[in-house]
Amino acid sequence: MSIETEIARLNNAKEAIKTSLTEKGVTVPENAKIDDYPDLIDSIETEGGSELDTTQFRNCSTLFSGNTDIINAPLFDTSNCVKFNSMFSGCSKLEYVPDYNTSKGTDFSYMFSMCTKLKHAPNFDTSNATNFSNMFSATSSNTSAGDLEYVPEYDASKAKNINDFIKRSTNSWSKLTYFGGLKNLGKGFTQKTVAYNNYKLNLTNCTYLSHESLVDIINNLYDLNLTYNVENGGTLYAQSLVLGVTNLAKLTEEEIAIATSKGWNVT
């Protein structure tokens with residue numbers, strides 16, 4: 001997608017929010033930036049605690065991207081949003097995100113990229129998600145150890161891209177002790193390539209994961225023998241679960257064998 005297209009899409013999303021705010025009686029200054037919108041949303045006075053009507057939203061990507069002031073993300077109706085990619089990318093002070101309705105979401109790539117103050121990742125319905133690439137990634141320019149402690153299980157039944165899902169270029173996620181795994185990861189794979197990079201789950205930077213977490217991650221993997229119809233003569237295209245030496249030492253041979261029996265190469 002070109003830069004021009006991205007700018008146009010962001011401007012359209014901004015106008016949609018402005019329209020909804022205006023309909024709720026909120027005055028939006030002509031020079032208001034996207035960074036100002038969380039405070040404008042919080043200023044809405046409604047009866048019975050109802051939230052801003054944002055049911056028209058289809059695209060939440062980059063909505064708060066680059067906002068270095070936001071700490072608590074506002075709750076609003078995302079029930080019709082399809083794109084959540086880079087929604088909070090670069091929000092370096094973000095600590096809390098509500099459990100948005102993401103049941104129609106397909107793209108969650110870079111959603112929390114470089115959000116190193118986020119402690120508990122929200123529970124999302126990702127049953128329609130195809131792209132989890134770099135969802136929790138952090139680049140080498142961010143040397144903070146990161147505050148992330150907990151990432152729940154996400155439904156990856158339709159996942160096509162999990163490249164660098166939870167990568168750190170420097171340091172480890174030193175506080176992350178639990179990640180529930182990607183449920184049914186592999187069920188939606190179609191690429192007939194061994195060790196396809198977009199299918200690799202790499203957790204080498206998550207060296208503090210508990211034994212319980214690692215077992216849950218393995219148990220949530222889908223059987224690739226079924227994906228590639230091996231029983232009926234199909235070819236198994238084994239994919240990669242990269243745990244690293246530290247995590248491997250926490251598992252028994254029997255536990256690792258659960259993953260390998262499903263067609264996953266564990267290293």
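- Side-chain contact, Asp216 with Asn219: no donor N or O sits under 3.5 Å from an acceptor N or O.
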Please determine whether ring-ring contact (aromatic ring centres under 6.0 Å, His included) holds for the pair Tyr154 and Phe108, giving the CA-CA distance in whole Å, both sets of side-chain angles, and the decisive distance to 0.1 Å. CA-CA 11 Å; Tyr154 289 123; Phe108 293 83; 7.7 Å; no
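- Distance check: Ser174 OG to Glu149 CD gives 10.0 Å after rounding to the nearest 0.5 Å.
- At a cut-off of 3.5 Å, with distance as the only test, no side-chain donor of Asn225 or Glu231 sits close to an acceptor on the other residue.
- Heavy-atom minimum distance, Ala159 versus Ile162: CB-CG2, 4.2 Å.
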Side chain to side chain contact (heavy atoms under 4.5 Å, CB included) assessment of Leu148 paired with Trp173: CA-CA 7 Å; Leu148 192 62; Trp173 291 104; 3.7 Å; yes
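- Here the CG atom belonging to Asn59 is positioned 9.0 Å from the CG atom belonging to Asp107, to the nearest 0.5 angstrom.
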Could you check Asp125 against Asn101 for side chain to side chain contact (heavy atoms under 4.5 Å, CB included), going step by step and ending with a plain yes or no? CA-CA 7 Å; Asp125 179 347; Asn101 184 338; 5.7 Å; no
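- Listed for the Asn134 side chain is no donor-acceptor partner under 3.5 Å among the backbone atoms of Ser137.
- Of the possible polar contacts, none joining the Thr102 side chain to the Thr126 backbone as a donor-acceptor pair under 3.5 Å is found.
- When the side-chain hydrogen bond (donor to acceptor under 3.5 Å, both in side chains) test is applied to Asp99, no partner is found at least two apart in sequence or on another chain.
- Under the 6.0 Å cut-off for aromatic ring centres, Tyr150 and Phe179 do not qualify, their centroids lying 6.0 Å or more apart.
- The structure places CG of Leu118 at 12.5 Å from CD1 of Ile71, a figure rounded to the nearest 0.5 Å.
- The shortest heavy-atom contact between Thr68 and Gly90 is CG2-O, 4.0 Å.
- Linking Ile, Leu, Val, Met, Phe, Trp and Tyr whenever their side-chain heavy atoms come within less than 4.5 Å leaves Leu251 and Tyr208 in two separate clusters.
- Note on Met87: it does not cluster hydrophobically with Tyr96, by side-chain heavy-atom contacts below 4.5 Å among ILVMFWY residues.
- Residues Ile258 and Leu241 share a single hydrophobic cluster, defined by chaining ILVMFWY side chains whose heavy atoms lie under 4.5 Å apart.
- In this structure, CG on Asp155 lies 7.0 Å from CZ on Phe132, to the nearest 0.5 angstrom.
- Here the side chain of Glu95 pairs no donor or acceptor atom with the backbone of Ala73 at under 3.5 angstrom.
- Taking the ring centroids of Tyr196 and Tyr237, they lie at or beyond the 6.0 Å cut-off.
- Screening Leu221, Leu224, Asn220 against Leu185 for a side chain to side chain contact (heavy atoms under 4.5 Å, CB included) leaves a single residue, Leu221.
- Of the residues Thr78, Asn128, Asn80, the one that meets the side chain to side chain donor-acceptor pair (under 3.5 Å) test with Lys104 is Asn80.
- The closest side-chain heavy-atom distance from Asn265 to Gln239 is not below 4.5 Å.
- Neither Tyr178 nor Ile218 shares a network with the other; the hydrophobic side chains, linked directly or stepwise wherever heavy atoms of I, L, V, M, F, W or Y lie under 4.5 Å apart, form separate groups for each.
- Looking at Tyr100 and Leu75, their side chains come closer than 4.5 Å, going by heavy atoms from C-beta outward.
- Here Asp69 contributes atom CG and Leu94 contributes atom CG; the two are 12.0 Å apart, rounded to the nearest 0.5 Å.
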What's the verdict on side chain to side chain contact (heavy atoms under 4.5 Å, CB included) for Thr190 and Tyr199, showing C-alpha distance, side-chain angles and the deciding distance? CA-CA 10 Å; Thr190 55; Tyr199 294 168; 3.9 Å; yes
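- Trp264 contributes a side-chain N or O that, together with a main-chain N or O of Tyr222, makes up a donor-acceptor pair within less than 3.5 Å.
- The shortest heavy-atom contact between Glu255 and Val215 is OE2-CG2, 3.8 Å.
- Residues Cys81 and Cys60 share a closest heavy-atom pair of SG-SG, 2.7 Å.
- Judged by distance alone, the side chain of Thr227 and the main-chain N or O of Gly186 form a donor-acceptor pair under 3.5 Å.
- Judged purely by atom type and a 3.5 angstrom limit, Lys250 uses its side chain to pair as donor or acceptor with the backbone of Leu209.
- Thr116 approaches Ser92 most closely through the heavy-atom pair OG1-O, 4.5 Å.
- Both Tyr228 and Val194 belong to a single network of hydrophobic side chains, linked directly or stepwise wherever heavy atoms of I, L, V, M, F, W or Y lie under 4.5 Å apart.
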Decide yes or no on side chain to side chain contact (heavy atoms under 4.5 Å, CB included) for Lys160 and Phe189, but give the supporting numbers first. CA-CA 6 Å; Lys160 306 290 186 185; Phe189 291 177; 5.8 Å; no
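- Exactly one of Phe84, Phe136, Phe64 qualifies for a ring-ring contact (aromatic ring centres under 6.0 Å, His included) with Phe112. That residue is Phe136.
- A side-chain donor-acceptor contact under 3.5 Å links Ser133 to the backbone of Asn163.
- Side chain of Thr130 to backbone of Thr106: a donor-acceptor contact under 3.5 angstrom is found.
- Judged by distance alone, with hydrogens and angles left aside, the side-chain atoms of Ser65 form a donor-acceptor pair with the main-chain N or O of Ser89 at under 3.5 Å.
- Between the CD atom of Glu153 and the NZ atom of Lys183 there is a distance of 5.0 Å, given to the nearest 0.5 Å.
- Within the 4.5 Å cutoff, the side chain of Val151 has heavy atoms near those of the Leu176 side chain.
- Side chains of Glu212 and Ser210: a donor-acceptor N/O pair is absent below 3.5 angstrom, by distance only.
- At a threshold of 4.5 Å between non-hydrogen side-chain atoms, the residues Ile217 and Leu201 count as touching.
- At least one donor-acceptor pair closer than 3.5 Å links the side chain of Asn202 to the backbone N or O of Thr204.
- When only modelled atom types and interatomic distance are considered, Ser157 and Asn184 share a side-chain donor-acceptor pair under 3.5 Å.
- Ionic pairing of Lys119 and Asp147 is not present here: no N-O contact between side-chain nitrogen and carboxylate oxygen is shorter than 4.0 angstrom.
- What you find for Pro122 and Pro98 is that their closest heavy atoms are CB-O, 3.7 Å.
- In this structure the side chain of Leu243 reaches within 4.5 angstrom of the side chain of Val266, judged on heavy atoms.
- Taking 4.5 Å as the limit, every side-chain heavy atom of Tyr110 sits out of range of all side-chain heavy atoms of Met135.
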